[in-house]
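None of these values were measured; they are calculated from a predicted model. Residue numbers run from 1 in the order of the sequence given.
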Amino acid sequence: MHIYVRMKTAGRRKDVLQPTQYMIPDDTASLRQLLTAIAENEADRYNKKESGAQLIPFLTAGQINDQAAAGKVSFGAVFSDKKADRRKAAENAVQCWQDGLVRVFMNDTELTALDAPLSVPENAEFIFIRLTFLAGRMW
């Protein structure tokens, strides 16, 4: 089934990115399974990127416009040969939610239980808000 995910960091005004489409299993029935599916998708996406940089890096005007509409313009190069571990990525996503670093909303309703039954409709929109905590001192 297809879903859409938007990411946001608390405290920033303009970082609600364009919705990203994800394909998740049809039997996704809890927030834990949803977080796992999305983390595994992201690990796979990272692993598919080419390592190393282009000899002469450039972006076309169309690529710049498309990336600007999504909220970030970059070359997308990966400078490490290390691959992401799908299992560790899923565990980390669940741990971040449990530690209160991430809030998840489905169609404007906050998901507050990790293993409670969840009915995910086709083309549902999820918003992930990454919370940041202030620490240290002002310079």
Side-chain angles (χ1 to χ4, degrees):
M1 112 178 40
H2 292 95
I3 63 167
Y4 294 90
V5 175
R6 291 179 186 256
M7 306 284 182
K8 178 154 177 47
T9 300
R12 292 193 183 172
R13 294 180 189 170
K14 297 177 77 175
D15 66 345
V16 175
L17 301 179
Q18 295 295 326
T20 302
Q21 185 178 28
Y22 287 89
M23 183 72 173
I24 62 170
D26 291 334
D27 62 348
T28 301
S30 70
L31 178 58
R32 181 186 304 271
Q33 291 174 346
L34 175 74
L35 291 171
T36 298
I38 291 173
E40 288 175 348
N41 276 329
E42 283 298 311
D44 291 341
R45 183 181 301 180
Y46 177 83
N47 289 339
K48 287 179 185 174
K49 286 186 179 181
E50 294 180 19
S51 62
Q54 297 173 331
L55 183 59
I56 303 174
F58 67 92
L59 294 173
T60 65
Q63 290 172 321
I64 292 171
N65 291 335
D66 290 344
Q67 289 184 26
K72 179 181 179 184
V73 178
S74 70
F75 291 106
V78 176
F79 298 103
S80 172
D81 291 333
K82 187 175 181 181
K83 298 292 183 183
D85 183 339
R86 297 177 83 223
R87 183 184 55 81
K88 287 183 181 179
E91 289 173 0
N92 188 41
V94 170
Q95 186 66 50
C96 285
W97 185 87
Q98 289 174 330
D99 290 345
L101 300 176
V102 176
R103 304 292 278 281
V104 181
F105 294 82
M106 179 177 74
N107 298 330
D108 299 325
T109 303
E110 184 176 4
L111 302 177
T112 58
L114 193 59
D115 292 311
L118 178 65
S119 176
V120 180
E122 182 75 23
N123 296 322
E125 182 172 285
F126 291 88
I127 298 176
F128 285 68
I129 300 177
R130 185 182 69 180
L131 303 174
T132 57
F133 299 97
L134 299 176
R137 61 178 184 225
M138 292 290 294
W139 290 91

Rounded to the nearest 0.5 Å, what separates atom [atom1] in [X] from atom [atom2] in [Y]?
| X | Y | atom1 | atom2 | value |
| --- | --- | --- | --- | --- |
| T112 | W97 | OG1 | CH2 | 6.5 Å |
| N123 | E125 | CG | CD | 10.5 Å |
| R32 | L114 | CZ | CG | 4.0 Å |
| E40 | R87 | CD | CZ | 11.0 Å |
| K88 | Q95 | NZ | CD | 14.5 Å |
| T20 | M7 | OG1 | CE | 6.5 Å |

Heavy-atom side-chain proximity of [X] to [Y] below 4.5 angstrom:
| X | Y | answer |
| --- | --- | --- |
| L35 | V104 | yes |
| V94 | T36 | yes |
| I3 | L34 | yes |

**Asked** Is the backbone N or O of I24 less than 3.5 Å from a side-chain atom of N41, with the two atoms forming a donor-acceptor pair by type?
**Response**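 Not at all, since once roles are kept as given, no pair shorter than 3.5 Å links the two residues.
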**Asked** Is the backbone N or O of A84 less than 3.5 Å from a side-chain atom of N47, with the two atoms forming a donor-acceptor pair by type?
**Response**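 At least one qualifying donor-acceptor pair exists.
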**Item:** Crowding at CG, D115 (>12 non-hydrogen neighbours, <6.0 Å)
**Value:** yes
**Item:** Salt bridge E42-R45, side-chain N to carboxylate O under 4.0 Å
**Value:**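 Salt bridge present between E42 and R45.
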**Message:** Is there a path of hydrophobic side-chain contacts, each under 4.5 Å between heavy atoms of I/L/V/M/F/W/Y residues, joining L131 to F105?
**Reply:**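 F105 and L131: one cluster.
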**Prompt:** Can you name the one residue among N107, L31, I38, V120 that meets side-chain contact (heavy atoms from CB on, under 4.5 Å) with F126?
**Reply:** V120
**Request:** Write down the atom of M1, the atom of P121, and the distance for their closest heavy-atom approach.
**Result:**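 Nearest pair, atom of M1 first, then P121: SD-O, 3.9 Å.
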**Prompt:** Considering all heavy atoms of both residues, which atom of A39 and which atom of A89 are nearest to each other, and what is their separation?
**Reply:**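 Minimum heavy-atom contact is CB-O, 3.6 Å.
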